[in-house]
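Report on the following structure.
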Protein chains: 2
Amino acid sequence: MNSNTTYLADVLKSMAQATRLKIIEFLRDGERCVCEIFPAIDEEQSNTSRHLAYMQTHGILSRRKDGVKIYYAVKHPEVFEIVDRATAIVRREVEQRSEMINLAGRG
Amino acid sequence: MNSNTTYLADVLKSMAQATRLKIIEFLRDGERCVCEIFPAIDEEQSNTSRHLAYMQTHGILSRRKDGVKIYYAVKHPEVFEIVDRATAIVRREVEQRSEMINLAGRG
DNA sequence: TTATTGTATGACTATATAGTCATATATACC
DNA sequence: GGTATATATGACTATATAGTCATACAATAA
């Protein structure tokens, strides 16, 4: 459980960053090359490349070469399930906090 | 979706770290005070306290005071679902990599 | 009031991370 | 061969993070 905790953390880290989340979202529709990804998420090519490499190294993206282009795809359906569940948490938190504000407003 | 991406990343970051994962695992059985948590996960009290505060601030832990003791609990069931799915990814990756090694070994 | 216990935090260090710019490398095309 | 396009990476900066130690603070007990 201990050495696995590190791998587990690495997998989660591969999703726990704004730019990487944008990449994951864009890859919902399937495999895309770097040249499609970086303009879509509005990030520099080099920065996008680094994040893609990071995610692939940590096992959440697959990488396929076709000529000059490199195609990346989300490798495990669990990645989307994780993002969806995190989104549910965020929604509930936002809801809850706005309720608190309403209660405070009413005095 | 953009400002939300930051919140989303923060929620995932609250799980994407070895010490925090140990805390989450320990809290599977429910609410626990700091004095129970830090010996269980074998971390310093101060470090544990910081991580607990971080997770609570980012909305994945609840905090309850009872006398001198502070009780923390995982606030959303999705947290465990996320950890479980990340574990499934790790398992599959480990499997896959050991298969690769076997293939390579056989020449 | 003083001592004890449980938790949080200031100050600090070491390391990791995200991002940028320039450039290297690889494939394809002429 | 030379040129264009796609991707990766070295070198760097700024910031964030995890951890430690000492100490502050809060609640309770004596």
Side-chain angles (χ1 to χ4, degrees), chain A residues 2-27 31-74, chain B residues 2-27 31-74:
Chain A
N2 214 325
S3 68
N4 254 31
T5 307
T6 306
Y7 284 115
L8 201 53
D10 284 341
V11 164
L12 287 165
K13 265 181 202 158
S14 303
M15 306 171 216
Q17 203 275 340
T19 302
R20 298 203 276 270
L21 283 170
K22 287 195 285 178
I23 292 173
I24 292 170
E25 270 322 303
F26 184 64
L27 293 179
E31 198 186 52
R32 291 276 183 271
C33 69
V34 184
C35 60
E36 295 171 294
I37 298 170
F38 81 84
I41 65 168
D42 195 32
E43 289 288 338
E44 292 247 333
Q45 181 271 322
S46 64
N47 190 31
T48 305
S49 178
R50 279 186 211 284
H51 282 295
L52 290 167
Y54 184 98
M55 291 189 271
Q56 197 251 329
T57 300
H58 291 91
I60 73 162
L61 294 189
S62 64
R63 195 188 122 111
R64 185 176 68 84
K65 198 171 176 169
D66 183 13
V68 216
K69 298 190 179 178
I70 310 284
Y71 289 86
Y72 287 95
V74 171
Chain B
N2 215 325
S3 67
N4 254 31
T5 307
T6 306
Y7 284 114
L8 202 52
D10 283 343
V11 164
L12 287 165
K13 264 180 203 157
S14 303
M15 304 170 217
Q17 202 275 344
T19 303
R20 297 203 278 268
L21 284 171
K22 289 195 283 178
I23 292 172
I24 292 169
E25 271 322 305
F26 184 64
L27 293 179
E31 195 186 54
R32 290 276 183 271
C33 68
V34 184
C35 58
E36 294 172 295
I37 299 171
F38 82 84
I41 65 168
D42 195 31
E43 289 288 339
E44 292 247 334
Q45 181 272 322
S46 63
N47 191 32
T48 305
S49 178
R50 277 185 213 287
H51 282 296
L52 289 166
Y54 184 99
M55 293 190 270
Q56 197 252 329
T57 302
H58 292 91
I60 73 163
L61 294 188
S62 63
R63 196 187 122 112
R64 183 176 70 83
K65 199 172 177 172
D66 183 14
V68 214
K69 298 189 179 177
I70 310 284
Y71 289 86
Y72 286 95
V74 171

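Naming: A, B, ... by sequence-line order, numbering from 1 per chain.
Under the rule for a ring pair (Phe, Tyr, Trp, His ring centres under 6.0 Å), the partners of Tyr54(A) that lie at least two apart in sequence or sit in another chain are His58(A). By the side chain to side chain donor-acceptor pair (under 3.5 Å) test, Glu31(B) is found to be paired with Arg64(B), residues two or more places apart in sequence or in another chain being considered. A search for ring pair (Phe, Tyr, Trp, His ring centres under 6.0 Å) contacts involving His51(A) returns nothing, not counting sequence neighbours. Partners of Phe26(A) by ring pair (Phe, Tyr, Trp, His ring centres under 6.0 Å), not counting sequence neighbours: none found. Evaluation of the side chain to side chain contact (heavy atoms under 4.5 Å, CB included) rule for Ser62(B) yields Ala73(B), Lys75(B) as partners, not counting sequence neighbours.
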Determine all donor-acceptor pairs shorter than 3.5 Å in which one atom belongs to a side chain in residues 12-19 of chain B; sequence neighbours excluded.
unit_1, atom_1, unit_2, atom_2, d
Ser14(B), OG, Asp10(B), O, 2.8
Gln17(B), OE1, Thr19(B), N, 2.8
Gln17(B), OE1, Arg20(B), N, 3.1

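Remark: the backbone N or O of Gln45(B) is not paired with any side-chain donor or acceptor of Ser49(B) at under 3.5 angstrom.
When each of Thr19(A) and Tyr71(B) is assigned the nucleotide of DNA chain C with its nearest heavy atom, Tyr71(B) is the one assigned upstream, toward the 5' end. Of the residues near DNA chain C, Arg50(A) and Val34(B), the one whose nearest nucleotide (by heavy atom distance) lies more toward the 5' end is Val34(B).
Residue pairs satisfying the salt bridge (Lys or Arg N to Asp or Glu O under 4.0 Å) criterion with at least one member in residues 34-63 of chain B, sequence neighbours excluded, are listed as follows: Lys22(B)-Glu43(B).
In the region residues 54-68 of chain B, proximity to DNA chain C at under 4.0 angstrom, judged on heavy atoms, holds for Arg63(B), Val68(B). DNA chain D lies under 4.0 Å from at least one heavy atom of each of the following residues of residues 37-48 of chain A: Gln45(A), Ser46(A).
Side chains of Arg32(A) and Tyr72(A) form no contact here, defined as non-hydrogen atoms less than 4.5 Å apart.
Residue contacts shown for Tyr72(B) are limited to sugar-phosphate atoms, with no base heavy atom under 4.0 Å away.
Interface limits on DNA chain D: the 5'-most and 3'-most nucleotides within less than 4.0 Å of chain A heavy atoms are dT5(D) to dA11(D).
Rounding to the nearest 0.5 Å gives a distance of 5.0 Å between CG of Leu21(A) and CG of Leu8(B).
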